[in-house]
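Please read the structure below before turning to the comments.
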Amino acid sequence: MENYRKCRTEEVPAACPFPELPPDTPQVQVKDGSKIRNLLRFALGRMEQEGTPHIVFTATGKGVSKAITCAEIVKRRVKGLHQVTRVRYATVAEVWEPLEPAAGLDSLTVSRQVPAVWILLSREAPDRSQPGYQAPGCYHALWTQGASRDEGGASAEPSAGKRSRERKKSSRT
């Protein structure tokens, strides 16, 4: 490959795995270099202000983890959202051109399969039996349970830093 340089990368668009959605459903395409705050501003604006019933996050390759993060933040801020997740593979074609065209080398096209994710967030309950479905969660109970446990543990025994400060005070007197 030392005689070639990569000219372009073309992603073959995949069909939406949610055929029952209306065509005007907003789709947030998350890339590796996308800023989370910009993605959230768009998604939350559609879900909260415009009252859109559905939104879809899509990502391929390195953007998958960022899409999952965005979907979780939207679910935390907009209560009662149902989630359906589809994991697929997308095809990416890389075109390589020879460094020296006079050398008689042909251009190469390399196809790769990269992971892709589609996350549907919906106010309306979809079919609960389909794979990848997550019901809206009750996060309030998790946070109050964890906070009460932390408060009880903190009052029962002083922290290590507090104990060492107390020892230093008693040794000075």
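For this chain, numbers begin at 1 and follow the sequence in order.
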(request) If a pair satisfies salt bridge (Lys or Arg N to Asp or Glu O under 4.0 Å) and one of its residues is in residues 23-34, list it, with sequence neighbours excluded. (result) none

(message) Could you work out, with salt bridge (Lys or Arg N to Asp or Glu O under 4.0 Å) as the rule, every residue matching R128, not counting sequence neighbours?
(response) none

(message) Assigning hydrophobic clusters by single linkage (Ile, Leu, Val, Met, Phe, Trp, Tyr; side-chain heavy-atom cutoff under 4.5 Å), is V78 placed with I73?
(response) yes

(message) Test of understanding: with side-chain hydrogen bond (donor to acceptor under 3.5 Å, both in side chains), list the residues that count as partners of T58, not counting sequence neighbours.
(response) none

(request) Treating Ile, Leu, Val, Met, Phe, Trp and Tyr as nodes and any side-chain heavy-atom pair under 4.5 angstrom as an edge, say whether V28 and L81 lie in one connected cluster. (result) yes

(message) With side chain to side chain donor-acceptor pair (under 3.5 Å) as the rule and sequence neighbours excluded, what pairs involving residues 106-118 come up?
(response) T91-Q113, E94-R112

(message) Pair V56, I119 - check side chain to side chain contact (heavy atoms under 4.5 Å, CB included), show working.
(response) CA-CA 6 Å; V56 177; I119 302 172; over 6 Å; no

(message) Looking at T69, is its backbone amide N or carbonyl O close enough to the side chain of E72 to form a donor-acceptor pair, meaning the two atoms are under 3.5 Å apart?
(response) no

(request) Starting at SG of C16, measure out to CZ of R86 and round the result to the nearest 0.5 Å. (result) 9.5 Å

(request) Among Ile, Leu, Val, Met, Phe, Trp and Tyr joined by side-chain contacts under 4.5 Å, find the other residues sharing a cluster with V95 and list them by chain and number. (result) none

(request) Quick one: list whatever passes side chain to side chain contact (heavy atoms under 4.5 Å, CB included) with A103, sequence neighbours left out. (result) E100, L105

(message) Hydrophobic clusters here meaning ILVMFWY residues chained together by side-chain heavy-atom distances under 4.5 Å, can you tell me if V64 and V114 are in one?
(response) no

(request) Tell me whether V74 is reachable from L120 by hopping between hydrophobic residues (I, L, V, M, F, W, Y) whose side-chain heavy atoms are closer than 4.5 Å. (result) no

(request) For Q29, check side-chain hydrogen bond (donor to acceptor under 3.5 Å, both in side chains) against everything at least two apart and list the hits. (result) none

(request) Spell out, as yes or no, whether a donor-acceptor pair under 3.5 Å connects the side chain of K66 to the backbone of V30. (result) no

(message) So which atom in P126 and which in E124 form the shortest heavy-atom distance, rounded to 0.1 Å?
(response) CD-O, 3.1 Å

(message) Just to verify, what does E50 make a salt bridge (Lys or Arg N to Asp or Glu O under 4.0 Å) with, not counting sequence neighbours?
(response) R46

(message) My understanding is that only residues two or more places apart in sequence, or in another chain, count here; which of them pass side-chain hydrogen bond (donor to acceptor under 3.5 Å, both in side chains) with S122?
(response) H54

Please tabulate, one pair per line, all N/O donor-acceptor pairs under 3.5 Å involving side-chain atoms of residues 35-44, not counting sequence neighbours.
from, atom 1, to, atom 2, distance (Å)
N38, OD1, R41, NH1, 3.4

(request) Take T25 and I55 through the test side chain to side chain contact (heavy atoms under 4.5 Å, CB included) and record every step on the way to the result. (result) CA-CA 6 Å; T25 301; I55 193 162; 5.6 Å; no

(request) Any ring pair (Phe, Tyr, Trp, His ring centres under 6.0 Å) involving residues 62-91? Give me the pairs, sequence neighbours left out, ordered by first then second residue. (result) H82-Y133

(request) Decide whether V84 and F57 are clustered together by the hydrophobic rule: side chain heavy atoms of Ile, Leu, Val, Met, Phe, Trp, Tyr closer than 4.5 Å, transitively. (result) no

(message) Checking Y4 now: which residues fulfil ring pair (Phe, Tyr, Trp, His ring centres under 6.0 Å) with it, not counting sequence neighbours?
(response) none

(request) Would you please say whether a donor-acceptor pair under 3.5 Å links the side chains of T85 and Q83? (result) yes

(request) Calculate, to the nearest 0.5 Å, the distance between atoms OG1 and CZ belonging to T60 and R88 respectively. (result) 14.5 Å

